[in-house]
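Structure, as structure tokens:
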Amino acid sequence: MVDPQLWISLNEVVNSGNKWGVLMYEYENTLRETARALVAPNKGILAADESFSTIEKRFKTIDVASTADSRRAYREILFTTSGSNEFISGVILFDETIRQTTSEGQAFTDVLLKQGIIPGIKVDKGTTPLPFSRGEKITEGLDGLRARLKEYRQLGARFAKWRAVLAIGEETPSRYCIHCNGHALGRYAALCQEEDLVPIVEPEVLMEGAHSIDRCEKETGKTLEAVFGALDESGLLLEGILLKPNMVLPGKDCTIQAHPEEVAEATLRCFLRHVPAAVPGVVFLSGGQSDVQATKNLNAMNALGKFPWELSFSFGRALQAPVLEAWQGESRNIEAAKKAFYHRASCNGAARSGSYNEAMEKEVA
Ligand code: 13P
């Protein structure tokens with residue numbers, strides 16, 4: 001039995017910011033609160049921050065042209081689905097979207113805030129080839145970032161996102177690529193905390209390829225180790241970030257696919273080894289899994305019990321695929337599209353506590 005007095009002093013140390021009990025970080029309290037609010041029970045994040053080229057690709061699948069108007073109309077469906085705030089804590093916006101309004105002229109950020117949903121913003125500028133590498137990528141966007149973050153904060157953002165991409169191949173990801181992307185994530189994340197924005201740190205090890213789940217576990221572990229090394233060097237507050245990683249999965253073309261229980265076991269083994277307990281939450285990306293698969297895998301993780309961090313979602317495709325499918329660019333389908341979004345959000349909300357089951361999928365139609 002732990003001596004209660006010792007327990008109290010341990011808690012004071014953990015919660016005091018640093019060992020002198022002085023607030024080292026100007027925005028420590030709000031960073032901690034925002035990070036925790038984003039991973040509140042039964043809730044997760046909607047990633048609706050597709051760049052112009054990505055949203056164009058998504059719209060092409062339903063034969064809709066990507067224009068400022070069609071993007072606004074589509075995102076208005078996502079942001080005005082009543083009741084979605086039971087399951088959605090925050091939304092990641094794209095630069096265009098944070099400046100847009102609904103068809104009735106209300107700023108999207110206000111629409112979200114009124115529902116208690118926290119607006120966030122994608123701040124990286126996409127990937128470019130890493131020189132002298134085997135086709136690897138580095139994420140750009142550090143130049144001028146401090147000024148952009150200040151503006152986004154004024155526009156209503158309370159958190160930000162930066163995505164790094166690592167591909168598994170015969171000789172990749174290289175140590176150099178992991179190092180460069182880790183360094184950029186560290187610089188980005190510290191700048192965010194300086195401006196009172198919670199950084200979502202996203203190192204994505206891609207699903208593309210025929211690699212095994214074991215190989216994914218190994219490369220994800222190496223990546224997380226380097227990323228947390230870089231975050232530590234940047235001096236930031238770990239309690240004021242969220243990690244947005246891939247789940248540990250076999251490659252899309254691997255002949256042996258994994259059950260949710262195996263995915264959960266491999267992912268958590270990897271994270272318990274490489275993710276500090278001070279991080280309040282892990283918000284998974286879906287990365288090309290089907291919507292139902294992503295929900296099942298998240299559910300299997302939470303069904304295993306309690307971990308040092310909340311295990312939640314920050315899905316793009318896995319929340320939006322059925323919405324696009326229902327919408328088809330037609331205003332007469334808006335209600336059906338909202339229904340599809342509410343349903344997917346509620347399934348993922350249930351997966352936050354391991355209480356999702358397949359019967360929930362039938363409730364929608
Ligand atoms: P997916 O869930 O579609 O992978 O998107 C999440 C995201 O934000 C990628 O940066």
Side-chain angles (χ1 to χ4, degrees), residues 38-39 44-62 74-75 78 87-98 118-128 137-141 157 159-168 181 184-185 188-189 192 198-209 216 220 223 227 241-249 251-252 263 267 281-298 301 311-325 340-341 344-345 347-348 351-352:
L38 286 168
V39 289
I45 297 169
L46 163 67
D49 59 328
E50 295 83 3
S51 62
F52 291 127
S53 58
T54 304
I55 195 83
E56 189 173 7
K57 216 161 55 185
R58 305 273 186 266
F59 278 7
K60 236 184 205 146
T61 63
I62 53 164
Y74 171 63
R75 285 166 171 152
L78 299 170
F87 315 110
I88 301 294
S89 56
V91 175
I92 315 176
L93 304 167
F94 182 59
D95 180 77
E96 176 190 58
T97 326
I98 200 169
I118 307 171
I121 181 78
K122 168 191 173 76
V123 300
D124 67 70
K125 293 205 164 180
T127 60
T128 189
K137 301 271 172 59
I138 178 73
T139 302
E140 293 188 311
F159 69 103
K161 169 192 126 170
W162 178 290
R163 173 175 177 256
V165 184
L166 291 312
I168 298 184
N181 276 297
L185 281 167
Y188 137 81
C192 285
V198 168
I200 297 209
V201 173
E202 181 177 1
E204 176 173 4
V205 178
L206 296 172
M207 277 176 77
E208 273 67 33
C216 179
T220 302
T223 302
V227 167
I241 72 158
L242 293 176
L243 175 69
K244 175 163 174 167
N246 52 286
M247 297 180 188
V248 172
L249 301 165
K252 265 187 198 150
V263 172
T267 305
V282 172
V283 293
F284 291 98
L285 56 91
S286 57
Q289 301 176 70
S290 76
D291 46 3
V292 173
Q293 201 60 46
T295 307
K296 282 185 180 172
N297 288 339
L298 178 64
M301 289 184 222
L311 294 169
S312 185
F313 57 91
S314 174
F315 294 159
R317 282 162 286 181
L319 275 168
Q320 294 186 52
V323 188
L324 280 169
E325 186 60 35
F341 180 53
R344 210 62 252 144
C347 289
N348 287 308
R352 286 281 285 105

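Here, residue 1 is the first one in the sequence, and each next residue gets the next number. In listed order, ligands and their atoms are each counted from 1. What you are looking at is a predicted structure, and each value in this text was computed from that prediction instead of being measured. Just the heavy atoms: all of them, side chains too, but no hydrogens, waters or symmetry mates, feed the values below.
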Does a side chain donor of either T127 or R163 reach within less than 3.5 Å of an acceptor in the other side chain? no
Within the heavy-atom cut-off of under 4.0 Å, ligand 1 is lined by A47, D49, K161, R163, E202, K244, L285, S286, G287, S314, F315, G316, R317
Answer yes or no: does atom NZ of K252 have more than 12 heavy-atom neighbours from other residues, nucleotides or ligands under 6.0 Å? yes
Tell me whether Q293 at atom CD has more than 12 heavy atoms from other residues, nucleotides or ligands lying less than 6.0 Å away. yes
From L243, I241, V123, L185, residue fulfilling side chain to side chain contact (heavy atoms under 4.5 Å, CB included) relative to P199: I241
Side chain to side chain contact (heavy atoms under 4.5 Å, CB included) between I45 and L242, worked out: CA-CA 11 Å; I45 297 169; L242 293 176; 4.3 Å; yes
Just wondering, do F87 and R352 contact through their side chains at under 4.5 Å, heavy atoms? no
